[in-house]
Amino acid sequence: MRTRLTELLTIKYPIIQGGMAWTSESNLVSAVSNAGGAGIIAAGGRDKEWLRNEIRKTKELTDKPFGVNVALLHPNKDDIVEVICEEKVAFVTLGAGNPLPYFAKLKKAGIKIIPVIPNVKIAKRMEANGADAIVIEGMEGGGHIGTQTTMAMMTNIIPQVTIPVIAAGGIADGRGLAAALLMGASGVQMGSRFLLTAECRVHPIVKEKIIQATDTDSEVTGYSRGHAVRGLRNSFTEKYLALERSGAPQEALDQLAQGTNRLAAVEGDVENGSVQVGQSLSVLKEVKSVNEVIEELMEQARQTLESASKILSY
Ligand SMILES: Cc1cc2nc3c(=O)[nH]c(=O)nc-3n(C[C@H](O)[C@H](O)[C@H](O)COP(=O)(O)O)c2cc1C
C-alpha cells in the first residue's frame with residue numbers, strides 16, 4: 001500500500017506505533033519497523049542515556065526507519081532532542097508542549113518532524129513552519145488526550161493542511177485504518193493495539209487486564225483540569241476522580257498521579273497504577289506477534305476498502 005506517509009518515511013505500510021511512555025522501547029519498536037510499519041521509542045520520563053542506549057539497540061535489531069517521541073512537558077527535553085540529533089533517528093513525534101523551538105535543530109540533523117497537534121490553528125502553524133507531517137490524536141485514544149474525537153479532528157483538520165496527516169485515537173483494526181484513509185489521512189498511529197503484542201514489554205498483568213476489559217471500561221481523569229488521561233477504571237482513577245471533583249488543588253492530583261504510569265506498565269500494579277489504554281477495547285482480546293497484528297490489519301483494511309467501492313453500485 002502506498003500513501004504519502006509510506007513515501008515520506010520509506011515504509012511498507014501506513015502504520016505507526018505511537019510512542020508509549022514506560023512501554024515502547026527497542027524490542028517493540030524494532031518489531032513494528034521490521035513488520036513494515038514504523039515504531040517509536042517513547043522518551044517521556046526517561047533520561048538521555050536510557051534513550052541513547054535504546055536507539056542503539058533498536059538500530060541493532062532493525063535497519064528500517066523508526067522514530068522517537070518527545071514529551072515536551074518533561075524538563076530534560078533539550079537533552080532528549082540533543083541525543084536524537086546525535087543518534088540520527090528517521091523521525092520524531094513531539095507533543096504536550098510547543099515543538100517550534102526544536103524545528104531548526106531537528107531539520108539540520110535531517111530528522112523528519114511530526115508534531116502531535118490538537119486543532120486546526122496549530123496544524124496550520126506547524127505546516128507553515130516546515131513540519132513534515134502531523135499526528136491528530138482524538139480523545140478515544142489511550143494516554144494524554146485532548147477534547148475532540150478522531151472523527152471530528154479528521155473532519156476539521158485534514159482539508160486544512162497539505163502535509164500528510166496521521167490519524168490516531170480509537171483505531172485498533174483494519175476497518176479503522178481504511179476509514180482514516182477514506183477520510184483523507186495518509187496513515188494511522190496506534191498505541192493500544194500494540195500493547196497486546198508478544199514483543200511489547202508492558203507487564204503481563206496489564207495485558208491480561210486489557211483483555212478482560214469491556215468496551216466501557218476506560219475512564220478519563222483530569223478532564224476538568226485540562227490534563228486529561230485515558231486509562232482503565234481502577235482504584236487509582238476512582239481516587240483521582242474523587243479528588244478532582246472535590247476541587248482539590250492541582251498539586252494534590254499531580255502527587256497522586258506521580259509514578260502511576262510506571263507502576264502499572266513496569267510493576268504490573270493494575271489497581272494503583274495508571275493503565276493507559278484507548279476506548280476501542282472490544283477488539284483487544286488476544287496477544288499476537290507484531291507481525292500478525294500488522295498483516296491482519298492490512299488484510300482487513302484491503303478488504304474494507306475493496307468492499308467500500310461496492311456500496312456505490314447498490
Ligand atoms: C500506554 C500508553 C502510553 C502512551 N504514552 C504516550 C507518550 O508518552 N507520548 C505520546 O505522545 N503519546 C502517548 N500515548 C498515545 C499513543 O502514542 C497513541 O497516540 C494512542 O495510543 C492512540 O490511540 P489508541 O490507544 O486508541 O491506539 C500513549 C498511549 C498509551 C496507550
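Both counts, for ligands and for their atoms, begin at 1 and track the order of listing. All heavy atoms count here, side chains included; hydrogens, waters and symmetry mates do not. As the structure is a computational prediction, the values presented were derived from the model and not from experiment.
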ask   = Between Ser280 and Glu140, does any side-chain donor sit less than 3.5 Å from a side-chain acceptor?
value = no
ask   = Do Tyr13 and Glu295 have side-chain atoms, one donor and one acceptor, less than 3.5 Å apart?
value = yes
remark   = In ligand 1, the atoms that come under 4.0 Å of a heavy atom of Met190 are 27 (O)
message = Between Glu49 and Asn53, do the side chains contain a donor N or O and an acceptor N or O under 3.5 Å apart?
response = no
key: Glu137, portion touching ligand 1 at heavy-atom distance under 4.0 Å   = side chain
query = Nearest non-hydrogen atom to atom 22 (C) of ligand 1 belongs to which of Gly18, Gly44, Gly169?
reply = Gly169
inquiry  = Please check whether Gly19 reaches ligand 1 - meaning an N/O of the residue sits under 3.5 Å from an N/O of the ligand, judged on distance alone.
reply    = yes
ask   = Going by atom types alone, do Gln148 and Asn156 pair a side-chain donor with an acceptor below 3.5 Å?
value = yes
task = Among all protein heavy atoms, pick the one closest to atom 8 (O) of ligand 1 and tell me residue, atom and distance.
result = Ala21 N, 3.2 Å
request  = Distance to 0.1 Å, residue and atom name: give those for the protein heavy atom nearest to atom 4 (C) of ligand 1.
outcome  = Met20 CA, 3.4 Å
task = State whether a side-chain donor-acceptor pair under 3.5 Å links Thr62 with Asn34.
result = yes
Heavy atom of the protein closest to atom 29 (C) of ligand 1 (residue, atom name, distance) = Gly142 O, 3.3 Å
message = Pairs of nitrogen or oxygen atoms closer than 3.5 Å, one from Thr23 and one from ligand 1: do any exist?
response = no
ask   = Does a donor on one side chain and an acceptor on the other come within less than 3.5 Å for Gln255 and Glu251?
value = no
inquiry  = Quick check on contacts: which atoms of ligand 1 are under 4.0 angstrom from a heavy atom of Gln189?
reply    = 17 (O), 18 (C), 19 (O)
ask   = salt bridge (Lys or Arg N to Asp or Glu O under 4.0 Å) with Glu87: which of Arg56, Lys57, Lys48?
value = Arg56
remark   = For Gly170, the atoms of ligand 1 under 4.0 Å from one of its heavy atoms are 23 (O), 24 (P), 26 (O)
inquiry  = Looking at ligand 1, would Asn69 count as a contact under a 4.0 Å heavy-atom criterion?
reply    = yes
message = Quick check for you: to the nearest 0.5 Å, what is the distance between Asp47 atom CG and Asp79 atom CG?
response = 9.0 Å
inquiry  = What protein heavy atom lies closest to atom 27 (O) of ligand 1? Include the residue and the distance to one decimal.
reply    = Gly191 N, 2.8 Å
ask   = Leu177 and Ile166: same hydrophobic cluster, using ILVMFWY side-chain contacts below 4.5 Å?
value = no
message = Among all protein heavy atoms in this structure, tell me which lies nearest to atom 25 (O) of ligand 1, with the distance rounded to 0.1 Å.
response = Ser192 OG, 2.5 Å
message = Can you report which non-hydrogen protein atom sits closest to atom 1 (C) of ligand 1, along with the distance?
response = Gln276 O, 3.3 Å
